[in-house]
Amino acid sequence: MSEPDSPRWLDEITGELRREVPVRSAWRARLLEEVARAPKPSARDDIDDRFSDWQEISGHPERRRRSITLGPLAGLAAATLFVAIGAGITYTAMSSRAGSHQAQRAATATGPQLVSGAPSPVEREVVRFELSAPRASRVALVGSFNEWNPAATPLSRDPASGKWVVSLRLPPGRHVYAFVVDGDVTTDPAAPRAADDDFGSTNSVVFVSSPRT
Amino acid sequence: MTHPYVPGFNQATMTDATLVRLVLDGDTAAFTTLVDRHAAACTRFATRMLGNREDAEDATQETFLRAYRSLARYEERQAFRTWLFQILINRCRTAAVRRQRQRRMFLVDDNAISLASVRPAADASDLRAELRRAIDALDPEQREAFLLKHVEQLSYDEMAAATGVGVSALKMRVKRACDRMQRLLREASDVGT
């Protein structure tokens, strides 16, 4: 191999790196079978956004179209009431109807945390999401509650902890969500995972209890 | 120039944009031609990016399926290859993050490279092994930019469209990748002497 300092080194390694990686015929056959089974794409503009949304596909914010969806699970039970808050989270809500109270976070709490014990008139609870991503330059929260739009709920850095945080009000029920870190979709490492959707995307789950319980 | 269209017969001379139009008009066989044109480059990029063939094939498979489903969104002013790579890049990024979470892998650092007992590349297989280690040691963003620029030979404008990153940032990433590759490869060859 020639001396790395000379420009020839780049030519040599790129020559090697550009060597074609052969496509396996079994892989090709499997792909074409999947294509044959898939609904035919159409030039008409009535494409089901769950399957062809450009943000999901490209990872880039949509420039022209409306809201973005990112691999949500089908059949979210938005109106169902649950008692548990994720896995591993315990909290003690100050029980009072008046004013606002902070929920105490147990030492073993993981995942999004309930921060308000007092119901608003529309019965939404404030839930705090946080993510440790020290090398990220932008983080967004996406989920069923904001139509999986990465522009809707950006996180900001908490100067004290260095973590990316956001709090938002969510109605009671089961919510599926994920983080978008510098354009890359990732689940919340501290929260339970939802089942994979059809395209292999995984999401995280948070349960928001009814404020009455 | 016009000639009678025979499905699958004379598609080899058609542009990607024409093939896309055919697919949208109902000729799914035209998509096979697109796959055959671009699968090798996609597999190559994904293999270098992800470091293993299996993940690369999954990412490439997913890329073509998503491209197929969203074909109506392709705009001819952009090269089809660039549009396809936009999807592939995101699949690779997601796969890398997923794998990182699953295996809790850490990036190989410079020390690990220099401490490894590596003989100078006496033949092609040694060079390949050194290159693989050096590529794997790059930050993912630098690796991605380096591969797009020097292996897939996209222009910086195409890279910007495919990655969502600005041109000046991409140039910096490519430069840093080259500098780091040089250093890693030099250290690899030095260790053996």
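Owing to the predicted nature of the structure, the values given are computational and were not obtained by experimental measurement. Any value given below was found using the heavy atoms of this structure, including those in side chains, with hydrogens, waters and symmetry copies removed. Note on naming: letters A, B, ... go to the chains in the order of the sequence lines (proteins, then strands), and numbering restarts at 1 for each one.
For V35(B), the part sitting under 4.5 Å from any heavy atom of chain A is the side chain, from C-beta outward, and nothing else. With a 4.5 angstrom heavy-atom cutoff, Y68(B) touches chain A via backbone and side-chain atoms both. For T47(B), the part lying under 4.5 angstrom from a heavy atom of chain A is the side chain only. Heavy atoms of L31(A) lying under 4.5 Å from chain B belong to its backbone as well as its side chain. For a residue to count as touching a neighbouring chain, one of its non-hydrogen atoms must lie under 4.5 Å from one of that chain's; by this rule T63(B) does not touch chain A. Using a 4.5 Å cut-off between heavy atoms, C42(B) does not touch chain A at all. Residue contact with chain A, scored on non-hydrogen atoms closer than 4.5 Å, is absent for R132(B).
The list of side chain to side chain donor-acceptor pair (under 3.5 Å) pairs with a residue in residues 35-46 of chain B, not counting sequence neighbours, reads R28(A)-D36(B), D16(B)-R37(B), D16(B)-H38(B), R44(B)-E152(B).
Taking the charged nitrogens against the carboxylate oxygens, R133(B) and E130(B) have no contact shorter than 4.0 Å, which rules out a salt bridge. Contact check on K175(B) versus D179(B) returns a salt bridge, with a Lys/Arg side-chain nitrogen under 4.0 Å from an Asp/Glu carboxylate oxygen.
With chain B as partner, the option from E34(A), R19(A), K40(A) having the largest number of non-hydrogen pairs under 4.5 angstrom is R19(A). The greatest number of non-hydrogen atom pairs below 4.5 Å with chain A, out of T60(B), D25(B), L65(B), is found for L65(B). Your options are L147(B), T32(B), D58(B), L71(B), and the one with the most heavy-atom pairs under 4.5 Å with chain A is T32(B).
Residue-environment remark: CZ (R18(A)) exceeds the threshold of 12 foreign heavy atoms within 6.0 Å.
Note: E125(A) CD to S167(A) OG = 12.5 Å, rounded to the nearest 0.5 Å.
Note on ring orientation: taking the six-membered ring where Trp is involved, the planes of Y177(A) and F179(A) are perpendicular (angle over 60°, cut-offs 30° and 60°).
Take F45(B) and apply the ring pair (Phe, Tyr, Trp, His ring centres under 6.0 Å) test, not counting sequence neighbours, and it matches F85(B).
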